[in-house]
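Numbering starts at 1 and runs along the sequence shown.
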Amino acid sequence: LNFIPAGGLLAELDLLRVELAGAVAHVQLHRPGKRNAISDKMLKQLQTAFINLPAGVRAAVLSGAGKHFCAGLDLSSLSESTVAEGVLHSRMWQGVMDTLQFGRFPIVSALHGAVVGGGLEIASSTHIRVAETSTYYGLPEGQRGIFVGGGGSARVPRLVGVACMTDMMLCGRVLDAQEGLQRGFSQYLVGEGEGFAKACELAQRIAANAPLSVFAITQALPRIADMPQSEGLFVESLMAAIAQGDEDEWRQVMGVNLDANRMLLKSCHPLLKVAPNGGRVVVIGSKNVAAPGRGAAAYSAAKAGLTQLA
């Protein structure tokens with residue numbers, strides 16, 4: 001990917017570096033001298049960046065400058081506060097993490113070095129995590145007399161379990177990259193210096209997916225997982241029907257122009273013949289595979305053959 005620096009408001013975020021390459025954005029935490037420790041200013045800039053990325057962005061890579069992804073909270077920024085102020089401060093952090101997890105597009109994080117405290121909360125809010133072999137994970141809040149406040153208590157146990165998080169917080173246990181992969185902190189483990197390239201590769205793959213399917217995966221799937229089974233299955237049925245039945249979705253899966261994809265449809269099944277008909281797709285088949293119709297109807301006719309494209 002050939003990234004170019006973003007302009008306008010995104011260029012004014014001095015604690016980040018924001019770059020664009022077509023449908024993929026790259027947002028980098030940029031306090032290398034502080035191991036990318038999180039201040040309120042950085043956190044607010046992170047939210048600003050992801051809210052204001054161009055409409056054409058379909059996936060993003062999140063990385064950290066220097067030798068570490070993020071070493072957590074900048075302790076020098078801590079100050080005395082009332083209980084009410086502490087609650088509001090935590091809610092602000094949680095709002096930023098929600099912006100990452102439930103934003104317009106998936107985020108692939110490229111992890112290396114320290115992924116600690118608030119840095120782990122940020123990583124846990126991303127959808128795909130690629131770790132280099134230098135990566136290590138920690139939650140030192142118990143040793144510092146504080147508690148997670150950026151959504152970690154809700155997200156981290158969903159990745160590694162309550163028992164593991166308790167061990168990390170109470171005993172200061174640190175997980176290395178291999179154990180992080182095994183437990184679920186990352187989905188990919190690559191060699192040193194290879195994380196960003198792998199994250200970009202995955203982001204490109206995500207950006208090429210059908211938008212409505214991506215929306216269902218990032219927005220509906222985590223919510224369904226929190227529902228009782230019967231409610232979750234009902235929402236699953238709704239999302240499946242929406243994703244399968246939307247003609248724009250069909251156009252995205254099969255290509256920009258239905259008429260221009262006769263050969264693609266034909267390749268789905270050796271018995272199918274496809275002909276354009278005034279903006280409609282008519283599927284003409286032998287041996288009782290005929291099925292005329294628009295978008296989703298053509299999809300249904302070729303569904304068995306479409307599995308060959310995976």
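Evaluation of the salt bridge (Lys or Arg N to Asp or Glu O under 4.0 Å) rule for K44 yields no partner, not counting sequence neighbours.
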**Request:** Evaluate the ring-ring contact (aromatic ring centres under 6.0 Å, His included) criterion for residues F69 and H112: first the C-alpha distance (whole Å), next the side-chain angles of each, then the deciding distance (0.1 Å), finally the verdict.
**Result:** CA-CA 5 Å; F69 174 74; H112 68 292; 7.3 Å; no
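Between F3 and F196, the two ring planes are tilted [angle within 30° to 60°].
R183 has a carboxylate O that lies under 4.0 Å from a charged side-chain N of E179, or vice versa, which qualifies the two as a salt bridge.
Looking at S81 and H89, their side chains never bring a donor and an acceptor atom within 3.5 Å of each other. Side-chain contact check for N36 and Q28: no donor-acceptor pair (N or O, by modelled atom type) lies under 3.5 Å. A donor and an acceptor atom, one from each side chain of Q101 and S125, are nowhere located under 3.5 Å apart.
Annotation: cation-pi geometry satisfied between R223 and F102 (NZ/CZ under 6.0 angstrom from ring centroid, within 45° of ring axis).
Residues I122 and L62 are in side-chain contact: their nearest non-hydrogen atoms beyond the backbone lie under 4.5 Å apart. Side-chain contact between M97 and L43 is present, with at least one heavy-atom pair separated by less than 4.5 Å. With a 4.5 Å cut-off on side-chain heavy atoms, V27 and L13 do not count as touching. You'll find the side chain of Y137 stays beyond 4.5 Å of the side chain of D176, heavy atoms only.
Counting heavy atoms of neighbouring residues, nucleotides and ligands inside a 6.0 Å radius, atom CG of N2 does not exceed 12 of them.
Remark: side-chain polar atoms of R58 are paired, donor with acceptor, to backbone N or O of N209 under 3.5 angstrom.
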